[in-house]
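Hydrogens, waters and symmetry mates are skipped; everything else that's a heavy atom, side chains included, is used.
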Amino acid sequence: MGRLVVVSNRLADPRKPAAGGLAVALGETLKKTGGMWFGWSGKVVEQGTPGEGELRVHQAGTVTLAELDLCQEDHDAYYRGYANGVLWPVFHYRLDLAHFESGHLGGYRRVNQLFARKLFPLLKRDDIIWIHDYHLIPLAAELRAMGCEARIGFFLHIPLPPPPILTAIPSHEWLMRALFAYDLVGFQSHADLQHFAQYVQAEATAEPVGANQYRAFNSTVRAGAFPIGIDVADFQRLGRAKEARDTYESTKQEYSRRRLLIGVDRLDYSKGLPQRIRAFRELLRLYPENRHSATLLQIASPSREDVEAYGDIQHELESLCGSINGDFGDFDWMPIRYIHRTVARKRLPGLYRACAVALVTPLRDGMNLVAKEFVAAQDAEDPGVLVLSRFAGAAEQMKEALIINPYDTHGVAQVIQHALQMPLAERRERHAALMGNIREFDVHWWCREFLRTLKNSRPETVAA
């Protein structure tokens with residue numbers, strides 16, 4: 001394989017332990033191939049010129065890091081306006097929160113053209129280019145227009161909605177046509193892959209020319225489901241470190257008389273947080289034996305707090321938690337401990353291990369790696385139980401979890417009660433099966449499988 005070139009909205013330095021799952025997954029291959037990571041630096045230049053930005057290239061060991069600044073106007077239109085004001089809500093099935101009239105599409109196209117202009121001179125003929133996520137859907141088409149002939153793959157980290165929702169985007173034809181500039185388009189789940197197949201055949205009159213291969217616009221694209229995983233061994237090493245062990249011990253000591261449930265989410269309307277809190281209230285109402293016994297630790301990290309929809313959900317969540325604590329709490333017991341800040345990643349394995357139940361109940365999620373991290377952190381001899389939304393991509397793989405419909409408040413409460421009462425033998429059996437799955441399909445499998453498929457996905461292999 002040639003050099004790997006990774007392109008994402010935000011640049012990540014694979015040397016930094018806090019760089020996140022994507023950097024962990026790709027760092028190994030980047031180092032082996034002397035690869036390059038290209039992305040936005042995170043810096044916004046207030047007085048900059050739209051469509052322009054300073055590019056800085058430097059080395060991080062064998063990996064080249066290329067970071068691009070954005071001006072305020074480009075950032076507001078491309079990132080806040082179109083990517084997160086149109087694509088994020090629609091792809092998470094929330095048409096009611098999309099701002100179609102905002103006119104930010106021009107900024108989205110302009111920044112993708114800027115990325116292409118800055119990236120193209122850095123490319124080599126035999127590079128393998130892997131572009132990530134909804135911010136950069138049209139980037140391959142811009143690179144092809146400049147003459148780039150390298151293999152280019154795209155991975156969508158968030159869900160792809162079905163055609164009736166996708167076609168609500170005024171520019172959906174242009175957006176989806178751009179995907180045909182890629183050699184391979186990857187999705188988190190088979191459901192997303194099916195939505196793609198339905199769209200391109202119904203709306204783009206694409207012709208199937210092989211297994212998950214479609215031809216339209218004089219191009220052929222291969223599509224596939226590549227569910228992303230975690231680095232199980234690395235996360236378990238984190239769990240054996242001092243910070244995680246100290247967190248586990250202090251949490252067990254502080255809540256020695258309680259059964260702990262945990263939710264760890266970004267504060268986002270896709271995560272189903274109000275629905276989860278209402279289900280916990282229903283648990284306390286239906287099963288009063290959990291009063292003074294069960295405590296929910298809900299961590300909701302800040303996210304896009306300058307956007308109105310996020311402020312609304314924050315206020316709703318705070319109101320719900322306060323109401324439940326007021327109605328059910330006592331001097332020595334608060335039903336919900338709500339934490340609106342980011343908790344250090346090195347503490348999370350200890351928190352997960354101390355909890356009897358994890359509530360991973362999004363209304364829609366591409367994958368949700370919290371579900372996999374919770375399983376990896378458990379004591380195999382006395383594991384906790386995972387309650388998982390059927391609308392998380394992880395539900396396709398993690399069938400041994402207790403699968404719920406987050407919209408069914410009464411039903412979720414019943415499942416949580418089952419989780420709290422589950423016999424040890426059943427908990428061990430479910431956990432062993434879940435561990436087997438997340439070990440087999442870990443983040444390294446995801447990276448290898450996508451790149452292997454991309455290497456074998458040249459359009460020339462398919463007859464026109």
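- For Asp192 and Ser189, the side-chain atoms include at least one donor-acceptor pair closer than 3.5 Å.
- A distance below 6.0 Å separates the ring centres of His132 and Trp130.
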For a side-chain contact (heavy atoms from CB on, under 4.5 Å) check, start with the C-alpha distance between Ser389 and Asp365, then their side-chain angles and the critical distance, and finish with the verdict. CA-CA 9 Å; Ser389 167; Asp365 225 337; over 6 Å; no
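- The aromatic ring centroids of Phe155 and Phe226 lie 6.0 Å or more from each other.
- There is a side-chain donor-acceptor pair under 3.5 Å between Gln417 and Glu289.
- The pair Asp268-Lys271 does not count as a salt bridge, with every side-chain nitrogen at least 4.0 angstrom from each carboxylate oxygen.
- Between atom CG of residue Asn290 and atom CG of residue Leu296 there is a gap of 12.0 Å, rounded to the nearest 0.5 Å.
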*asked:* I'd like to know whether Val6 forms a side-chain contact (heavy atoms from CB on, under 4.5 Å) with Met36, so could you lay out the CA-CA distance, the side-chain angles of the two residues, the decisive distance to 0.1 Å, and finally the verdict.
replied: CA-CA 6 Å; Val6 174; Met36 177 170 65; over 6 Å; no
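- Under the 4.0 Å criterion applied to side-chain N and carboxylate O atoms, Asp74 and Arg110 are assigned as salt-bridge partners.
- Residues Phe115 and Phe38 bring their aromatic ring centres within 6.0 Å.
- How far OG1 of Thr295 is from CG of Leu261: 8.5 Å, rounded to the nearest 0.5 Å.
- At a threshold of 4.0 Å, the pair Arg337-Glu254 counts as salt-bridged, since one of the basic side-chain nitrogens sits closer than that to a carboxylate oxygen.
- When the options Leu166, Leu179, Leu156 are evaluated for a side chain to side chain contact (heavy atoms under 4.5 Å, CB included) with Phe196, the one that passes is Leu179.
- Rounding to the nearest 0.5 Å places CG of Leu297 at 10.5 Å from CD1 of Ile336.
- To the nearest 0.5 Å, atoms CZ (Arg266) and CG (Leu273) are separated by 10.5 Å.
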Check your understanding: Do Tyr82 and Ser171 pass the side chain to side chain donor-acceptor pair (under 3.5 Å) test, and can you show the C-alpha distance, the side-chain angles, and the key distance before you say yes or no?
Key -> CA-CA 11 Å; Tyr82 196 77; Ser171 52; 2.7 Å; yes
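- Scanning all heavy atoms of the two residues, the minimum distance from Val264 to Tyr352 falls at CG2-CE2, 3.8 Å.
- A salt bridge is absent between Lys252 and Glu249; no separation between the charged side-chain nitrogens and carboxylate oxygens falls under 4.0 Å.
- Residues Glu373 and Arg345 are paired through a salt bridge, judged by an N-O separation under 4.0 Å between the basic side chain and the carboxylate.
- Within a 6.0 Å radius of CD in Glu429, no more than 12 heavy atoms belonging to other residues, nucleotides or ligands are found.
- Taking the six-membered ring for Trp, His135 and Trp40 have ring centres at least 6.0 Å apart.
- The side chain to side chain contact (heavy atoms under 4.5 Å, CB included) with His431 is formed by just one residue from the set Met435, Arg428, Arg427; it is Met435.
- Atom CD1 of Ile131 and atom CG of Leu139 lie 4.0 Å apart (nearest 0.5 Å).
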| Residue pair Leu451, Ile128: steps toward the side-chain contact (heavy atoms from CB on, under 4.5 Å) verdict | CA-CA 8 Å; Leu451 292 174; Ile128 303 286; 4.2 Å; yes
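- Cation-pi geometry between Arg109 and Trp174 is satisfied (NZ or CZ under 6.0 Å from the ring centre, within 45° of the ring normal).
- Taking the ring centroids of Trp333 and Phe328, they lie at or beyond the 6.0 Å cut-off.
- When only modelled atom types and interatomic distance are considered, Tyr134 and Asn84 share a side-chain donor-acceptor pair under 3.5 Å.
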* **side chain to side chain donor-acceptor pair (under 3.5 Å) between Asp408 and Asn405, intermediate numbers included** => CA-CA 6 Å; Asp408 179 4; Asn405 170 9; 5.3 Å; no
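- Side-chain contact between Ile404 and Ile416 is absent, with no heavy-atom pair separated by less than 4.5 Å.
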Check against side-chain contact (heavy atoms from CB on, under 4.5 Å), Glu28 and His444: CA-CA 9 Å; Glu28 209 173 90; His444 302 294; 3.9 Å; yes
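- When all heavy atoms are compared, the tightest approach of Tyr93 to His195 is OH-CE1, 3.3 Å.
- Ion pairing between a basic and an acidic side chain is recognised when a charged N comes within 4.0 Å of a carboxylate O; Glu426 and Arg430 show such pairing.
- Ion pairing between Glu67 and Arg56 holds under the 4.0 Å rule for side-chain N and carboxylate O.
- Defined by atom type and a distance below 3.5 Å, a donor-acceptor pair is present between the side-chain atoms of Tyr199 and His172.
- With respect to the salt-bridge test (charged N to carboxylate O, under 4.0 angstrom), the residues Asp265 and Arg276 qualify.
- Taking CH2 of Trp37 as the start and CG of Leu65 as the end, the distance is 9.0 Å to the nearest 0.5 Å.
- Between Arg278 and Glu316 there is a salt bridge, since a side-chain N of the basic residue sits under 4.0 Å from a carboxylate O of the acidic one.
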